[in-house]
Amino acid sequence: MKREAEWEPKLLSFCCRWCSYAGADLAGTSRKKYPANIRIIRVPCSGRVDPLFIIKALQLGFDGVLVSGCYPGDCHYQTGNYYARRRIAITKKFLEYMGVESQRIQASWVSASEGGKFAEVVSEIVKELKEVGPNQLFADEK
Amino acid sequence: MAGNKKINKRDIGKLLNKWSQGFTVFVPSREDKVTAFAKWDGVNTNFMEWYRNTVISPKTNFFPLMEEMFSFREEEDGYHTELPSSDKHKQLIFGIRPCDAKALSILDMAFKEGYEDPYYLSRRKDSLLVGLGCTNPYDSCFCTSLGGGPFDSTYVDIMLIDIGDELLIEEVTNAGRELVARTAGLEEVTEADKARAKEVKKSSYNKVTKKINTEGIQKKLQACFEDKDFWEKVSTKCLSCGICTFLCPTCYCFDINDDSFKKQGARFRSWDSCAFPIYTRMPMENPRSEKWRRVRQRVCHKYEFFPIDFDVIACVGCGRCIRQCPVNWDITEILNNLPTKA
Amino acid sequence: MEQKLRQEAKALLEQGRVDYIIGYEKGSLKFTTTPLIIKDKNDVDRLVVNPFIVNNLSVFLTEIRGRIGIVAKGCDSRSIISLIQDNKVSREDVVIIGVPCSGIIDLCKVERLVGEERDELDDVTREGDKVVIVVDGRKREFPIEKVLFDNCLGCKFPTPQEYDVLLGEATSPVSEMTASRARIAELEGMSSQERWNFWKGEFNRCIRCYACRNVCPACFCERCFVEETEPQWVSPIPKWQDNLMFQMTRNIHVAGRCTDCGECERACPMNIPLRSMARKMYEIVEELFSYEAGLDEAAPPLLTAYEAVEAEDLIR
Amino acid sequence: MINVDVGQRRKFFAHGNVYLPHMVTIEKIVEETYDTKTFYFHFKDKRLREEFTFEPGQFALFSIFGMGEAPFAISSSPTRRDHLECSVRQVGKLTNAMHRLGVGAEMGFRGPYGNGFKLDLFQGKNVIFVAGGIGLSALRSLIWDVIDNREKYGKIDIIYGARSPADLCFKYDLDTWENNEALNMITTVDRGDENWTGRVGFVPQVLEQVAPEPNNAVAVVCGPPIMIRFTFPVLEKLGFSPAQMVTTLEKRMKCGIGKCGRCNIGNLYVCRDGPVFTYAQIKNFISGEY
């Protein structure tokens with residue numbers, strides 16, 4: 001509906017408190033530039049993210065969802081991100097099949113020292129989301 | 001009682017066109033992959049070829065799956081509520097089966113007695129039921145055990161009897177009589193037609209083979225209310241899904257919930273089912289958390305409790321609950337095998 | 001097969017090896033069967049095995065307490081293994097009476113094939129690779145594939161994967177994957193938008209009776225997320241958005257447990273093609289993690305395990 | 001036949017629609033315990049403020065728009081017309097939302113519903129009130145009514161219990177009643193704490209110790225279902241007949257008017273035929289249906 005120039009995508013991000021949230025923090029403190037389209041929810045671990053959160057975010061109208069955690073092997077709880085990886089993988093593939101554009105569901109590994117990577121990831125995703133357009137998936141037909 | 005008019009099946013389209021003046025006509029439809037009563041498209045009458053009964057009962061037309069009760073919005077001076085604009089159209093349900101028409105009479109009582117339910121009653125008001133007798137009942141039908149029958153015209157305004165190429169028209173109520181009187185182009189019935197109708201009625205009555213014995217059923221249920229072993233045994237295979245209650249033409253339980261975003265929204269009511277544990281769940285306690293209690297509630301509500309208030313069993317024998325049940329849980333088997341006190 | 005089943009069931013009850021037998025008996029309507037749960041050895045003669053034993057009886061395992069002898073087809077046996085993997089059922093408490101399955105007849109397909117509803121059929125019998133349908137005294141023969149459930153058509157494991165008793169010779173897979181996943185293939189050929197619109201239309205019809213969930217042996221949560229109110233993830237109002245959200249999440253939750261038994265789609269009174277979701281999830285799981293549900297009772301459940309390197313291409 | 005006199009209440013329907021709430025404004029909030037608050041509120045509509053009447057024991061459905069609706073007893077006395085009260089324990093989605101409200105906030109209100117206490121049943125008799133936890137809120141309006149017309153009644157016993165001293169509601173009322181010599185007020189807790197010097201014990205046990213005389217007496221019971229279930233046998237043991245035992249019940253409700261189906265005990269609906277019942281009415285459905 002609203003595909004005017006001023007439209008900006010809204011990206012919801014679940015960041016693990018040990019790596020990615022710290023990475024996002026570092027991106028900020030080291031004054032790395034990245035789009036302001038992101039809203040971050042801090043989670044204890046990427047393994048905390050139930051696929052339900054992702055679907056709910058899309059239903060609430062977010063244009064994209066990013067789950068970000070520690071690199072494999074670096075999880076503060078040893079294995080949380082491995083479980084997250086399986087869950088995110090099936091969620092992404094399954095929602096794609098249902099008709100959700102693949103760009104809307106994103107995942108990344110960002111360590112606490114990778115402020116630069118965090119800024120890059122967000123910039124890339126926002127760019128992709130701009131190409132896909134607004135999330136009208138759950139909108140009622142008017 | 002017996003009508004004097006008839007119509008050739010070819011001309012049903014014309015008839016419905018005439019009746020569309022003044023009514024919104026609903027006919028059996030399978031357009032949306034499941035059979036239900038849908039707004040007539042103005043052309044198609046092929047339902048006469050396949051229609052036996054719909055999966056979704058016509059209660060939906062008066063008590064829909066979900067409906068907005070009112071909307072609300074928050075403004076500076078507080079909350080404001082607004083009732084939805086009531087659709088003023090009068091519904092004509094064409095081809096309703098006698099069992100489903102009787103079911104509506106049961107819903108009428110439930111929604112009218114005591115406090116009146118404005119939503120149901122406003123839809124029901126001035127609606128017209130054109131019944132179509134069942135020449136070919138299903139093997140899951142047991143209407144004859146509940147005082148009904150495939151040609152029971154008690155609860156319709158007009159009854160149609162399929163005698164082959166033609167439909168005989170019996171006017172039942174004044175509203176029905178008026179509508180038929182206003183309808184031009186109907187043919188006169190012959191003695192042969194009447195004889196044929198009699199034959200059709202008799203043969204289809206005999207086709208309803210499923211039976212329950214309703215004699216003293218209230219007493220019997222009352223006697224076994226505390227028989228936990230019995231209820232546990234008969235409820236084991238039930239899955240606690242809502243199919244039987246949702247498809248039941250006489251089930252009227254509902255839930256009320258709000259749907260809102262930011263400062264505005266609406267309150268909806270939607271079907272609910274006594275089969276769900278959450279239906280009676282309170283924060284600290286659930287009086288019907290166990291499955292056997294829920295199964296007992298469904299059976300007893302229809303056959304014991306509702307009759308106390310309204311003198312009629314809240315089951316019409318349409319058989320949907322048996323036919324659509326994923327585990328073939330058959331209420332007639334339960335009712336025919338109630339324990340008698342040793 | 002039926003005689004052997006009854007003997008076995010009787011012996012199990014007599015020897016006190018099980019408290020219950022869960023099997024099938026003749027249903028109350030034509031051609032139907034219905035679950036039979038018995039304690040008394042005198043009831044074993046009610047047990048039947050025929051091409052209409054549709055239910056996946058393992059759904060009762062999480063509810064009925066005690067040692068249970070259970071009749072299981074190929075897919076059902078895998079559901080049982082899956083429940084064992086999830087610690088919902090202990091292997092010692094079940095005696096699996098395996099039925100080598102050669103496909104279950106879908107009465108809806110029979111109805112469409114002959115253009116008559118089931119009440120009107122005099123008989124439907126299986127004769128080898130054929131199904132013989134008698135209508136109005138007239139015999140009609142069709143290849144069996146025409147009337148089997150979609151999930152039976154592509155079934156890789158028709159013989160139970162785990163059993164204590166097998167009632168007959170192992171059967172070979174019915175390899176008809178093309179027909180089995182015809183709708184999925186059709187959907188895959190569409191654009192995202194078209195697919196989403198398709199599902200939107202289907203779930204507009206959903207009445208939220210929860211039969212899909214309750215009939216599913218993999219859905220064993222004591223309290224389902226749809227019933228949560230703080231926070232309320234899914235609205236109880238059956239709007240298509242929430243219906244779809246419920247079903248998508250349910251499918252993700254049962255990923256790696258779903259054995260493609262097809263019960264969700266069979267139970268749905270609104271004819272929503274639920275298996276086209278479940279089957280696709282099954283394929284995704286197989287493709288990504290080479291995992292198939294219910295094949296190894298010692299294996300950890302899909303979502304509680306991992307490999308050091310996998311699915312990395314999906315992550316930045 | 002259904003026996004509800006709707007006619008009297010119709011004038012309180014908003015726009016003639018029984019499901020449409022009126023707006024009420026919260027004017028005061030009293031924190032009874034850590035999880036229970038009493039809301040004082042009045043109608044936004046002036047006409048209703050003057051005309052609205054109810055009977056002790058009746059309830060109403062309160063809503064917060066966007067969150068839903070739930071039934072609560074009107075716990076103020078019908079004779080005090082300046083405001084209404086209801087007490088709410090925080091247990092779920094709606095009650096959590098109510099507890100977040102402040103003075104001046106609006107709620108939806110529809111009612112009154114239910115039968116209320118029939119005062120002629122009590123007059124001239126000894127009355128024993130047995131209440132547990134927040135169950136007292138449903139009896140409070142009746143107790144006050146009885147106290148205000150003390151001469152019409154015989155001996156009055158009030159046995160009130162809560163899980164712990166911190167769970168005792170309406171402490172200001174309890175104090176007043178303790179000091180009222182025309183009443184026998186007994187307070188008990190399931191578990192005491194270091195400061196508790198009063199009685200310890202479950203309500204049914206305390207009731208058994210107090211052993212009120214059944215002759216010419218009525219017992220009124222309200223509390224959590226478990227307490228109610230254990231109290232009836234004690235009363236029976238003491239010689240009370242089922243008709244002498246009155247209770248007011250709580251069930252999950254949606255409509256409040258006997259339509260939505262879930263609050264039934266047999267053919268009786270708590271919202272329509274209750275919430276006040278005699279034990280004689282419901283004892284046939286003893287197996288856990290209430």
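Letters go in sequence order (proteins before strands), and every chain restarts at 1. Side chains included, hydrogens not; waters and symmetry mates left out as well; all remaining heavy atoms used.
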**Report entry** Contact origin within B/Tyr252 toward chain D - heavy atom pairs under 4.5 Å
**Finding:** both
**Report entry** Part of B/Glu116 lying under 4.5 Å from any heavy atom of chain D
**Finding:** both
Requested in this report: In sequence, state the C-alpha distance, the side-chain angles, and the governing distance for B/Phe246 and B/Trp271, and then conclude on ring-ring contact (aromatic ring centres under 6.0 Å, His included).
Outcome: CA-CA 7 Å; B/Phe246 283 5; B/Trp271 295 350; 5.7 Å; yes
Query raised in the report: Is a side-chain donor or acceptor of B/Arg294 paired with a backbone partner of B/Ser289 at a separation under 3.5 angstrom?
Result: yes
Query raised in the report: Side chain, backbone, both or neither: which part of D/Cys255 has a heavy atom under 4.5 Å from chain B?
Result: both
Query raised in the report: With a 4.5 angstrom heavy-atom cut-off, which part of D/Met67 approaches chain B: side chain, backbone, both or neither?
Result: backbone
Query - Option from D/Phe43, D/Phe54, D/Phe39, D/Phe12 for which ring pair (Phe, Tyr, Trp, His ring centres under 6.0 Å) with D/Phe109 holds - result: D/Phe43
Requested in this report: Sort B/Tyr119 into side chain, backbone, both or neither according to what part of it lies under 4.5 angstrom from a heavy atom of chain D.
Outcome: side chain
Query - Heavy-atom proximity to chain B below 4.5 Å, by part of D/Leu268 - result: neither
Query raised in the report: Considering only heavy atoms, which portion of B/Lys262 lies under 4.5 Å from any heavy atom of chain D: side chain, backbone, both, or neither?
Result: neither
Query raised in the report: Between D/Glu32 and D/Thr38, does any side-chain donor sit less than 3.5 Å from a side-chain acceptor?
Result: yes
Query raised in the report: Going by an N to O cut-off under 4.0 Å, is there a salt bridge joining D/Glu69 and B/Arg267?
Result: yes
